Asks: 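Mind looking over this structure? Questions follow.
The chain is numbered in sequence order, starting from 1. Worth saying up front: this structure is predicted, and the values here are computed from it rather than measured. For ligands, and for the atoms within them, numbers begin at 1 and follow the listed sequence.
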Amino acid sequence: MQVEELLKPFPIKEFHPFPRAMLGPGAWELLGPEAKKLGFRKILVMTSGLRGSDTVAKIVGSLRYHGLDVVVYDQVESNPKDYNVMDAVALYQENQCDSFISIGGGSSHDACKGARISVAHDGRSVNEFEGFNKSENPKNPPHIAVSTTAGTGSETSWAYVITDTTTDPDNPHKYVAFDDAAVATLAVDDPTLYYDCPVDYTAQCGFDVLAHASEPYVSRLNFPPSLGNALYAIKLTADNLRQATWNPQDLPGREGMMYAQYIAAQAFNSGGLGIIHSISHAVSAFYDTHHGLNNAIALPRVWAFNMPVAYRRFAEIAGAMGVDTHGMTDVQAAEAALAAAIRLLRDVGIPEKFTDVTQDSYAKNRLGQGPTKFYENAPVIHGNDADVDRITNHVLGDACTPGNAKECTFATVRPVVDHCLNGDLDDLLS
Ligand SMILES: [Fe+2]
C-alpha cells in the first residue's frame, strides 16, 4: 500500500469539540453548584449503580443538599444496551426532567449520551442514530459526566457505544456512534472517585487508555494535533498503571491515570481509533466481556499487525513507555514497545487470550466480590472457527476499522482475531 493511498480516505481532518472540564481530587464536590450554574433543576442521574461503593449515594445526596431534584436510573448494564437507553428516556420524560448527570465509566456516559439524543428527537430509538453526526437536532438537554474509572474518556469525547439488541439475538450488533451533539456539557474527573474501583477493572481500564492513545498515534487519519496527547498518555499509563492497580488508594497513581485517560480520549476524539477497538466491540457484542479487558487482549496482537506500516511511530511509543531506545533501529525499538506492553499486561494480571477469560476473570462487582447478576450466566468463549469468522466479520463492519494503521480485509484480520482468541503472547516476542 502506497502512502498516497493510505492518505486518500482522510484528505481533510476534522477537529471535534471537547466539553469544559473540572479535573482533580475533590472535583465531585463542585457538582451541585456547577449544575445550578448550568440551570439544572430536575436531573436524571444515569448510572450502573456502582453497587458496593457509596459513590452514587454521596453524589445524589450532595445534589439534593444543593436544592436540586434528582431522579435516578441505576440499571445501566456493562456494554450498555439500547433498552437501557430507552428505559432512561421514558423515565426522563415521565418525570419531566430538564438535565442529565451520568456517574460511572463508559457504559453510564454512553447510555446517557444516547438518551440525550433520543430525548432531543421526541424519544426516537437510539439505534436510529448509529453512524457519524446523525443528530438532526443538536439541542440536547445539558449533561454533566462524572467518571469513576480511568479508562473510558467518554466524558470528554464525541463517541458513544451501544449494543443493538433488536437484531438477531445470536448475532448482536454493537456499534459506535460519533456525534458532535453527544459531547457532554461538563466533564468531571476526580481521582478520589477511583479508589473503590477494583484491581481487575483498574488494570483493564488502563489498557483502554493505552488503546485510546496508541490507536490515534498510528492511525491512518494521522492527525498531528492528537499526537502529543497520545504519546504523553502512553507515558502516563506506563508510569502509573501498576501503582493505580496494586495500590488503589494511592493518589499520585490514580491522578496519573486520570490525566492519562482524559488526554488519551482527546487524542482519539479527532485522531481516530483502529481495530483494537473493533475487535473489542465484536467480542463484547457476542460475550458481553469488559471493554478494557477486550482491548488489553487485542492490543499486543494489533500492535504486531500494524507495526510494519508504522515502525517509527511504534519506536516513539517505546520511548514513551520507558524503553531506552538509544542505539536501536526503529524495528528493534518497535519490538521493544510490544514487549513493554506485554510486560505491563502481565504485571497487572490481565488474562492473555480470550479463551483464558473465565467467569472468575471478570465476574466481579466493584469490590471484587462474587459474580454480578449480569455475568452469572456469561457464556464460555469458544475460540472455534465459527467464532473467529463471526468476530472477524463484525470487526470489518466497525466504524473504527477504516482508521486502522494497516488496511484490513477478512484474510488479513482473521489471523489477528484467531490469535486474540487462541494464541500465545510469547509468539509475538522475537
Ligand atoms: Fe475504548
Asks: Less than 6.0 Å separating the ring centroids of His121 and Phe129?
Replies: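 His121 vs Phe129: aromatic centres under 6.0 Å.
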
Asks: Decide ring pair (Phe, Tyr, Trp, His ring centres under 6.0 Å) for Phe100 and Phe40; before the verdict, give the C-alpha distance in whole Å, the side-chain angles of both, and the deciding distance to 0.1 Å.
Replies: CA-CA 8 Å; Phe100 284 96; Phe40 289 24; 9.2 Å; no

Asks: If I compare all heavy atoms of Met46 with all of Ser108, which pair ends up nearest, and what's the gap?
Replies: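 Reported closest heavy-atom pair: O-CB, 3.8 Å.
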
Asks: Check each of Phe410, Tyr287, Phe286 against His394 using the ring pair (Phe, Tyr, Trp, His ring centres under 6.0 Å) test, and report the only one that passes.
Replies: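 Considering Phe410, Tyr287, Phe286, a ring pair (Phe, Tyr, Trp, His ring centres under 6.0 Å) with His394 is found only for Phe286.
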
Asks: Is the Tyr160 to His109 ring centre distance short of 6.0 Å?
Replies: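 Centroid separation for Tyr160 and His109: 6.0 Å or greater.
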
Asks: For Tyr194, is the NZ or CZ atom of Arg254 found under 6.0 angstrom from the centre of its six-membered ring and inside 45 degrees of the ring axis?
Replies: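 The answer is no, since Arg254 fails at least one limit relative to Tyr194.
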
Asks: I need the protein N, O or S atoms closer than 2.8 Å to the Fe ion (ligand 1), given as residue plus atom name.
Replies: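 Correct list: Asp208 OD1, His212 NE2, His277 NE2, His291 NE2.
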
